[in-house]
Protein chains: 2
Amino acid sequence: MTKLKDIAARLGLSPATVSRALNGFPEVNEQTRQRVQAVARAMNYRPNQIAQKLVSGRSGMIGMILRSPVDVATDPSFFEVMAGLSSRLADYDMDLVFHASNAEDEVAPYRRLVAKATLDGFILNAPTVEDQRIQFLTAAGVPFVVHGRAGLGVPDYPFFDIDNAALARQSVALLHDLGHRRIAFLNGPANYAYAAQRLSGFQSALAARGLVTPTRFIRHDRLAEDYGQRAAATMLTDTAAPTAFLCASTLIAAGVLRAARKAGLSVPGDLSVIAHDDAIPQFRAVNFEPALTVTRAPIRDACGPLTDKMVRLLDGAQSSDLQTMVTADLIVRQSTGPVPVGQQGGWNETSVVAD
Amino acid sequence: MTKLKDIAARLGLSPATVSRALNGFPEVNEQTRQRVQAVARAMNYRPNQIAQKLVSGRSGMIGMILRSPVDVATDPSFFEVMAGLSSRLADYDMDLVFHASNAEDEVAPYRRLVAKATLDGFILNAPTVEDQRIQFLTAAGVPFVVHGRAGLGVPDYPFFDIDNAALARQSVALLHDLGHRRIAFLNGPANYAYAAQRLSGFQSALAARGLVTPTRFIRHDRLAEDYGQRAAATMLTDTAAPTAFLCASTLIAAGVLRAARKAGLSVPGDLSVIAHDDAIPQFRAVNFEPALTVTRAPIRDACGPLTDKMVRLLDGAQSSDLQTMVTADLIVRQSTGPVPVGQQGGWNETSVVAD
DNA sequence: TTGTAAGCGTTATCAT
DNA sequence: ATGATAACGCTTACAA
């Protein structure tokens, strides 16, 4: 391993000058800089990050912790996000450190890693409504950035999120404009913040239009195909069955389409289906039969912003300057259409009570 | 952050003594050690890993690189393994650094990270028959440990693997003893070493018993349910259909069971199914209907050994002392039974040629 | 514009 | 049994 001293010796310079030349300090002679850079390249010099870290006080390592059984099952995007983050961090010569927590205590690994003080910060995924990790890290004064956000309002930490409430509202608006009055909602697990946010948007959009959806037509579960199928199958047997389904993911929508097919219902003739699409490569909504109408916000778009926020946070930026909320695109395809004739009636308060 | 100097000052000792006391050097007075440890705990002292690393020349970081689209689809165990490894490494105060490579050049991230010289070594997953990464790291002289192994023989690097050839032989033996003569093999992707090894074991076991399986009954594809279903459905229409299926994973077996059901065949009455079971929580072979006969080797059992090997390798152990091959357990359940009467005939060479 | 020297927090080599 | 002191490879005042 060539070090600063070696290349200094080779050029008859001091290590300090070499360091300055390599790090773009303005005062060094342009000639010397050229020579230094040339020799550095020739000797295949790489700064020793450990040494750099010792003096800078930073480790250049960002932690990301998987909630072990939970995330794998509920968050198919986890991988995608990790891959994106690691490559973005690499642009800053930073690394992503991976750990896993078990169900018993999701905060434990944070406690351990914070105590070791080896990491510069954490990136959190899939926050829950009252996220323990956020509370711990806030109290500990450790820098972190959240992919998503807890609660319904604007929190006081850096985050990147899509406007989940708006996305539900957009979907309801589209369906309502098509004449639908009985809209079911197959949401994600209730403890996740995004699900709470979407539910809130869904409810407020309904209320604004004088609609109502009985609680038996609002479900919370893992983003899986069989959930979609089973829930839809059940709901479609109802005497006042939904004419439209809003799905938390394309996977769930796939299940709904399957249930519709089995029930002999055509989409969008008899039934409209809309979903939120995280644009995960495995499940391309365009390829659905029929092509799926979606709200779309590619999850990989979050990686760049999250990384930038992390870096800026470590450089001392204010949390309030590191908050981004993007709105999802509404892409109308073939799975949504006008409400079938004779199905224009809505649910009413009594059916809510009756539930 | 309390440092060595602080606690030394507090006790009127030198940092050196404190370091020795904390690191269990035999020469320090037992009294002093007690005092030092007490104060260290009281002051909540944590050694600065960066500083330790600078002097030791080690980073304490092990790299693991995901082959981006490929691994996610083909290797559902990747997560499980990463989680296991990270927690085992934590026992040694080491961390797992995650990166992702894209399809274009799977070696690129290794090149980059090796150049940075930040990591102590790499753990490789799912080696292919002629693994580029192994070739590169070997040439570069960088420590690595492989989960699995390339090729059919014993390589010259540290690895932990199951005996894939033996596993295929065990399965064939069981089926053959039950009278089966027409055994199909739904293997994993052909480029993976484990698939090549299993194929080799499969072929040799057949040969040893004077059996033959035409190539159209040996398939290679992703470990997915629909692969199992489609392949089985096709094969079962053959005039000399297989009486038994050997599947590379429980997922594939699930597909085969589905195909059998659709074809009106009972398992194990009309058809026997055996699979290899990596014991991934999502797909519990016991819960299959009927419960699946499997060769079983929990993938998480590899994490401890892999970590130990890595640590010992870094401590200078010989590669040849760091090679483990375990045999899978054969667990006979309800999906295998005697060959149906009238189906005892085997395939012959001509049907191979005819293929 | 460049060099000298101190320091980041440890561990290891000498002394004592 | 303990203490000085010198590393580890780099950055950064401060001097020149």
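Every chain is numbered from 1, with letters handed out A, B, ... down the list of sequences. Atom set for the values below is all heavy atoms of this structure, side chains included, hydrogens, waters and symmetry mates excluded.
Side-chain nitrogen and oxygen atoms of A/T17 include none within less than 4.0 Å of the OP1 or OP2 phosphate oxygen of C/dT2. A sub-4.0 Å separation between OP1 or OP2 of C/dT10 and a side-chain N or O of B/Y45 is present. Applying the 4.0 Å criterion to OP1 and OP2 of C/dT10, one finds that B/S19 has every side-chain N and O outside that range. Between B/Q52 and C/dG9, a side-chain N or O to OP1/OP2 separation shorter than 4.0 Å is absent.
By the side chain to side chain contact (heavy atoms under 4.5 Å, CB included) test, B/V129 pairs with B/A196, sequence neighbours left out. With sequence neighbours left out, the ring-ring contact (aromatic ring centres under 6.0 Å, His included) criterion links A/F144 to A/Y157. Checked against side chain to side chain contact (heavy atoms under 4.5 Å, CB included), A/T118 has the following partners two or more places apart in sequence or in another chain: A/M61, A/K116, B/Q49, B/K53, B/D95. Legend: residues meeting side chain to side chain contact (heavy atoms under 4.5 Å, CB included) with A/S87, ordered by chain and number and at least two apart, are absent.
The shortest heavy-atom contact between B/R133 and B/N125 is NH2-O, 2.7 Å. Considering all non-hydrogen atoms of both residues, B/G60 and B/D120 come closest at N-OD2, 2.6 Å.
Here A/M94 contributes atom CE and A/L85 contributes atom CG; the two are 11.0 Å apart, rounded to the nearest 0.5 Å. In this structure, the separation between CG on A/D105 and CZ on A/R111 is 5.0 Å, given to the nearest 0.5 Å. Here the CD1 atom belonging to A/I65 is positioned 11.5 Å from the CD1 atom belonging to A/I123, to the nearest 0.5 angstrom. The distance from atom CD1 of A/I50 to atom CG of B/L54, rounded to the nearest 0.5 Å, is 7.5 Å.
When heavy atoms are screened at a 4.0 angstrom cut-off, B/S56 is found touching no nucleic acid atom at all. When heavy atoms are screened at a 4.0 angstrom cut-off, A/L13 is found touching the sugar-phosphate backbone but no base atom. Across all strands, B/R46 comes closer than 4.0 Å only to sugar-phosphate atoms, never to a base (heavy-atom distances).
For the helix from C/dT1-D/dA16 to C/dT16-D/dA1, the terminal axes (five pairs an end, C1' atoms, rotation from four pairs onto the next four) enclose an angle of 50°, given to 10 degrees.
The distance between atom CZ of B/R58 and atom P of C/dT10, rounded to the nearest whole Å, is 19 Å. What separates CG of B/N48 from C1' of C/dG7 is a distance of 14 Å, to the nearest Å. Between the CD atom of A/Q49 and the C1' atom of C/dC8 there is a distance of 16 Å, rounded to whole Å. Computed from coordinates, the B/K53 NZ to C/dC8 C1' distance equals 15 Å when rounded to whole Å.
Annotation: side-chain hydrogen bond (donor to acceptor under 3.5 Å, both in side chains) contacts involving residues 311-322 of chain A, sequence neighbours excluded, comprise A/R58-A/D315. Applying the salt bridge (Lys or Arg N to Asp or Glu O under 4.0 Å) rule to pairs touching residues 139-150 of chain A yields A/R149-A/D161, sequence neighbours excluded. Listed by first then second residue, pairs satisfying salt bridge (Lys or Arg N to Asp or Glu O under 4.0 Å) with a partner in residues 8-30 of chain B read B/E30-B/R33, not counting sequence neighbours. Every pair passing ring-ring contact (aromatic ring centres under 6.0 Å, His included) that includes a residue from residues 87-114 of chain B is listed here, sequence neighbours excluded: B/Y110-B/F122.
For the segment residues 34-44 of chain A, no residue has any heavy atom less than 4.0 angstrom from an atom of DNA chain D.
Nearer to the 5' terminus of DNA chain D, by closest-nucleotide assignment, is the contact made by B/E27 (compared with the other of B/V55 and B/E27). Comparing B/L54 and A/N23 against DNA chain D, the residue whose closest nucleotide sits nearer the 5' end is B/L54.
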Mind listing the N/O atom pairs, protein and nucleotides 13-15 of chain C, below 3.5 Å?
| from | atom 1 | to | atom 2 | distance (Å) |
| --- | --- | --- | --- | --- |
| C/dT13 | O4 | B/R20 | NH1 | 3.4 |

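On the nucleic acid side, DNA chain D has its first and last nucleotide under 4.0 Å of a heavy atom of chain B at D/dA1 to D/dG9, going 5' to 3'.
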